[in-house]
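A short worksheet on the structure shown next.
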Amino acid sequence: MLNVSRRVQAAANSFEPIRHFYFQSRYAERRNAPDISDFTFGNPHEMPLPGLVEALQRHAVPHNKDWFAYKTSEPEPQAFLAERLSTELSLAFEPADIALTNGAFAAISVAVRLLLDAGQEAIFSVPAWFCYEPVLLAADAVPRKVSLRPGSFGLDLEALDAAISPRTRLVVVNTPHNPTGRIYSRDELSALADLLARASERIGRPLFLLSDEPYRRIRFDGREFVSPAAVYPWTVIAYSYGKVLLAPGQRLGYLALSPLMPEPDRQALQDSLFAAQMALGWCFPNAVMQYAVPDLEGLSFDMQALSAKRTRMEEALTRAGYEVLRPEGTFYLWCKCAGTDADRFWNALADRDVFVMPGSLMQVPDHFRLCLTASEAMVERSLPVFAQVADQMRSEQQTAA
């Protein structure tokens, strides 16, 4: 019997819960039904932004014979993004600091291959995006998980420090954070930077920080955003346009190097980005997406409508008795399950065609994630269901007692 590689099997084992959820669960059976309330993934449930469609149509028309030739990180979007990112993050990026990728997923994969050798460790905090671990395993790297602080879901610096070993090479920070919606403050990030600097000195080489920032522009209540790249020199940034455009199927993102990085290290990474992207299977955006970068940069879904939806759902769920962590960014609500049996709770919602992301897929089984990209009609149908299920769980718990 032909066996797949050990690293791919390890990645497959890590992916199995999300694969089962998407392809084999009750959600899989119903996800294409027109009358469900789908709060699972960050997919659009309404028609795309008109500006997105217009940009893609306009740039799909060839201007010359090379319009659809091979594209690496093209100089024009690199220069454009270096200027815009410098303004947005108050850092002096150069075009060579920007590697255009087919989404943040590819940017993260490139960063892992760029920075980690087989057997070296990367630390990330849970709850977390369910793809960090399999991406690391597929690169023969070793994932190390630490928990965020209970209740606040802030960074647990003591746990991070304790997890760092001589084999650690990378720490991953996701801000704004999926699934909790936390945005880490400058003080929190500065404390993390101090910790990493001390640990780097202790183990005799710099630790790198991967700042995963695909929700950077999705912030509520005028919240400030500070990139770790502004406080820790050995930072690389992963960004995706798929979130703010609500178009995850149109893959466009980038990996950016902090301009604060010491010049020899920065130059070495700049010189190696092309090889890493090539060797991973041409991790560059296609031609049309690169041409469209200046048009896409200024587009966004309606943040005012998203904020109103967040407030409406948060207040309704709180009235129904749920513990809801008010998000500072992202398009998620992170909530504690009603009752003590998370599977029973999830199935009670599914019985009524309301589907949420189980917290078990993000290493916190007693919570669930709601994606606010759901349509207004889905929200309207779901709110009475959430209240009914909360009542049902309380009644069952009282009966059992």
Do you know which two heavy atoms are closest between E74 and Q290, and how far apart they sit?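 Closest heavy-atom pair between E74 and Q290: N-OE1, 3.2 Å.
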NZ/NE/NH1/NH2 to OD/OE distance under 4.0 Å, [X] and [Y]:
X: E121; Y: R169; result: no
X: E133; Y: R144; result: no
X: E213; Y: K243; result: no
X: R30; Y: D35; result: yes

From the list T330, T40, T180, N178, side-chain hydrogen bond (donor to acceptor under 3.5 Å, both in side chains) partner of R369 resolves to N178
Judged by atom type as modelled, is there a donor-acceptor pair below 3.5 Å linking the side chain of [X] to the main-chain atoms of [Y]?
X: S307; Y: M303; value: no
X: N174; Y: P176; value: yes
X: S109; Y: F105; value: yes
X: N347; Y: A350; value: no
X: N286; Y: V288; value: yes
X: Q277; Y: C283; value: yes
X: R186; Y: V226; value: no
X: S5; Y: V8; value: yes
X: K309; Y: L372; value: yes
X: S200; Y: L207; value: yes

So [X] and [Y], would you call those rings parallel, tilted or perpendicular, with 30° and 60° as cut-offs?
X: F153; Y: W334; value: perpendicular
X: H177; Y: Y184; value: tilted
X: F21; Y: Y27; value: parallel
X: F284; Y: W282; value: perpendicular

The complete set of salt bridge (charged side-chain N to carboxylate O under 4.0 Å, His left out) pairs with one or both residues in residues 266-283, sequence neighbours excluded, reads E94-R266, D97-R266, E263-R266
*Are there more than 12 heavy atoms of other residues, nucleotides or ligands under 6.0 Å from atom CD of E323?*
no
Ring centres under 6.0 angstrom apart ([X], [Y]):
X: F124; Y: W129; answer: no
X: F331; Y: Y215; answer: yes
X: Y239; Y: Y241; answer: yes

In short, side chain to side chain donor-acceptor pair (under 3.5 Å) pairs touching residues 245-257 with sequence neighbours left out are R216-Y254
So CZ of R202 and CG of L195: to nearest 0.5 Å the spacing works out to 7.5 Å
- Any side-chain donor-acceptor pair under 3.5 Å between R58 and Y291? no
* Is any side-chain heavy atom of L148 less than 4.5 Å from a side-chain heavy atom of D156? ->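 Not touching, per the 4.5 Å side-chain cut-off.
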